[in-house]
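All ligand and atom numbering here is 1-based and tracks the order in the structure. Side chains included, hydrogens not; waters and symmetry mates left out as well; all remaining heavy atoms used.
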Amino acid sequence: MNSFNSFNTLFPIICLLLFVFHVPCEAQLSSTFYDRACPNASAIIRTSILRAISRERRMAASLIRLHFHDCFVQGCDASILLDQTDTIQSEKTAFPNVNSVRGYDVIEAAKREVERVCPGVVSCADIVTLAARDASVAVGGPSWNVRLGRRDSTTASRSQANTDLPSPSAGLDALISAFVNKGLSARDMVALSGAHTLGQAQCFLFRGRIYSNGTDIDAGFASTRRRQCPQNGGDGNLAALDLVTPNSFDNNYFKNLMQRKGLLQSDQVLFSGGSTDSIVSEYSRNPRIFASDFANAMIKMGEIPAAQQNGIVRRVCSAIN
Ligand code: HEM
Ligand SMILES: *[C@@H]1O[C@H](CO)[C@@H](O)[C@H](O)[C@H]1NC(C)=O
Ligand SMILES: *[C@@H]1O[C@H](CO)[C@@H](O)[C@H](O)[C@H]1NC(C)=O
C-alpha cells in the first residue's frame with residue numbers, strides 16, 4: 001500500500017476525529033493530488049475524453065453539462081453517475097436528467113482506463129471535472145487548472161436534482177437564486193450559461209417560446225425553429241442552442257441573445273431588460289473577458305463542496321463499492 005492509498009483509508013478516520021473536535025472536514029483540493037499515487041491520471045483521462053469527442057463532437061457539450069448537473073446536487077461528488085438500487089434514488093431519472101444528460105459511458109470508459117493503471121485511487125468526481133475542462137479545450141474553449149482530490153458519494157438525491165437544477169422556463173430571479181444558493185454570483189451564472197454556445201436542446205423544452213408570438217423572440221428565428229419543432233409531436237427533435245456555431249466555443253451565444261435569438265426561455269431572460277443585460281452585452285463585445293470569466297466560474301462550480309463528509313473512491317462510477 002503506497003502513501004496515497006493509506007491516506008485514502010485514513011481519510012474517513014481523520015474526518016471523524018475532526019468532527020469530534022468540531023472542525024469541518026472538507027476534502028482539501030490540490031493540483032498535485034495524484035502526482036505520487038497516479039502521476040499519469042490526467043493524461044490517461046484526457047486521451048480517453050478526446051477519443052470520445054473525436055467520435056462525436058457533441059460529446060464535448062454533453063460532458064460540460066454532466067459536470068454542472070453533478071455539482072449542483074450534493075456538490076461535485078459524482079452522485080449523478082449512480083444507478084438506481086434499493087437504497088439509491090438515482091439522479092439519472094430526475095426530470096432535468098432523464099433522456100437528456102449524456103456521457104455516462106464516456107466517464108465510465110475513462111475510469112476503466114485509469115483503474116487499469118492505478119486501481120482505487122482516482123475518484124469519479126475528479127474524472128468528471130477533468131473531462132469538462134478537457135472538453136472545453138477540445139472545442140476551442142478556455143483551459144483552466146483543475147484542483148483534484150474530490151471524493152465520490154455513497155448517496156444520490158433525485159429530489160435535490162429536481163429542485164436545485166434550474167428549469168429552462170425559469171425567470172431571471174429564479175436563475176440567479178439557483179446559482180446564489182450554490183455560492184455562485186449572477187455574473188457567474190451568465191458566464192456559465194455561455195456553455196450554451198455548445199450542444200443541442202429538445203423541441204419540447206423550447207416549443208412554448210417559439211410558438212408564443214412574444215416580443216422577446218425574433219420572428220424569423222421563431223419561424224425557422226418551428227420547422228423542426230411542430231406544435232404537436234417531434235418532442236425529441238434537436239435544435240442547436242447556438243444557431244451560428246453549435247460545435248465550437250465562442251461568444252456567439254451572447255450575440256444571439258442581443259438579437260432575441262435565444263433558444264430557451266432561460267437563455268433569453270439573461271437579455272430582456274433585466275439586471276444581467278449589461279453582462280450579456282459585455283460578453284458579446286469581448287470574447288476574452290467571457291472566456292476568462294467562464295474558466296473562473298467553472299473552477300468555482302467545480303469546487304462546490306460535497307455534502308457528504310466521508311466520501312469514497314468508487315471502483316466503478318455507477319455503483320458504490
Ligand atoms: C442557467 C440555467 C440553465 C438552464 C435552465 C439550462 C437548461 C438546459 C436545457 C433545457 C438543455 C437542453 C437539454 C435537452 O434538450 O435534453 C441544456 C443543454 C445544455 N446545457 Fe444548460 N442550462 C443551464 C445552465 C447551464 C450551465 C451552467 C452549463 C454548463 C456550464 C450548461 C451546459 C449545457 C450544455 C453544454 C448543453 C448541451 C448538452 C448536449 O448537447 O448534450 N447549461 N441546458
Ligand atoms: C500516460 O498516458 C498517455 C495517454 O494514455 C500515454 O500516451 C503515455 O505514454 C503515458 N505515460 C506514461 C509515462 O505512462
Ligand atoms: C402565434 O401565431 C400563430 C400563427 O399566426 C398561431 O397559429 C398561434 O396560435 C399563435 N400562438 C399564440 C400562443 O398565440
Side-chain angles (χ1 to χ4, degrees), residues 34 38-51 53 56-72 95-104 106 110 113-114 116-118 128-129 131-136 139 141-142 164-182 184 186 188-209 229 235-242 246-249 253 257 262-270 276 293-302 304:
Y34 297 119
C38 195
N40 210 20
S42 300
I44 297 166
I45 293 161
R46 182 172 60 243
T47 305
S48 186
I49 297 303
L50 292 182
R51 200 182 306 124
I53 294 171
E56 189 209 7
R57 203 159 158 92
R58 183 186 172 196
M59 191 48 71
S62 305
L63 291 170
I64 290 171
R65 183 167 186 244
L66 179 69
H67 180 47
F68 162 47
H69 284 214
D70 179 32
C71 293
F72 263 51
F95 291 111
N97 296 336
V98 69
N99 299 323
S100 177
V101 165
R102 310 168 72 244
Y104 301 116
V106 171
E113 293 181 44
V114 200
R116 219 177 288 136
V117 181
C118 356
V128 172
T129 311
R133 190 272 315 272
D134 295 341
S136 169
V139 293
D164 290 14
L165 288 164
S167 151
S169 56
L172 185 55
D173 291 346
L175 292 177
I176 292 175
S177 49
F179 281 70
V180 166
N181 285 342
K182 304 294 171 184
L184 298 163
D188 292 329
M189 186 272 288
V190 176
L192 289 169
S193 294
H196 290 178
T197 179
L198 302 169
Q200 309 279 323
Q202 302 176 68
C203 164
F204 79 98
L205 294 166
F206 58 83
R207 180 184 283 126
R209 172 163 163 73
C229 182
D235 280 11
N237 293 1
L238 294 175
L241 283 155
D242 170 356
N247 280 324
S248 56
F249 189 101
Y253 169 78
L257 297 186
L263 187 61
L264 306 175
Q265 191 58 42
S266 58
D267 292 321
Q268 196 57 59
V269 293
L270 304 182
T276 52
D293 282 5
F294 180 78
N296 286 319
M298 286 295 282
I299 292 172
K300 227 165 135 181
M301 184 175 83
I304 297 174

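- A heavy-atom cutoff of 4.0 Å around ligand 1 is satisfied by the protein residues Arg58, Ala61, Ser62, Ile64, Arg65, Phe68, Ser100, Arg102, Pro166, Ser167, Pro168, Leu175, Phe179, Leu192, Ser193, Ala195, His196, Leu198, Gly199, Gln200, Ala201, Gln202, Leu205, Leu241, Leu264, Ser266, Met298.
- Panel note: side chain Thr276, backbone Leu270; a donor-acceptor pair is recorded below 3.5 Å.
- Looking only at heavy atoms of the protein, atom 10 (C) of ligand 2 is closest to Asn40 ND2, 2.4 Å.
- Atom CG of Asp235 has more than 12 heavy atoms from other residues, nucleotides or ligands within 6.0 Å.
- Within the 4.5 Å cutoff, the side chain of Phe72 has heavy atoms near those of the Leu184 side chain.
- Without hydrogens or angle criteria, Arg102 side chain to Ser62 main chain gives no donor-acceptor distance under 3.5 Å.
- Summarising the local packing, CG of Asn181 is surrounded by more than 12 heavy atoms from other residues, nucleotides or ligands at distances under 6.0 Å.
- Of the inter-residue distances, the one linking Leu165 atom CG with Phe95 atom CZ reads 13.0 Å to the nearest 0.5 angstrom.
- Remark: Arg46 engages no residue in a salt bridge (charged side-chain N to carboxylate O under 4.0 Å, His left out) (not counting sequence neighbours).
- For ligand 2, the atoms lying closer than 4.0 Å to a non-hydrogen atom of Thr47 are 4 (C), 5 (O).
- There is no protein heavy atom closer than 4.0 angstrom to atom 7 (O) of ligand 2.
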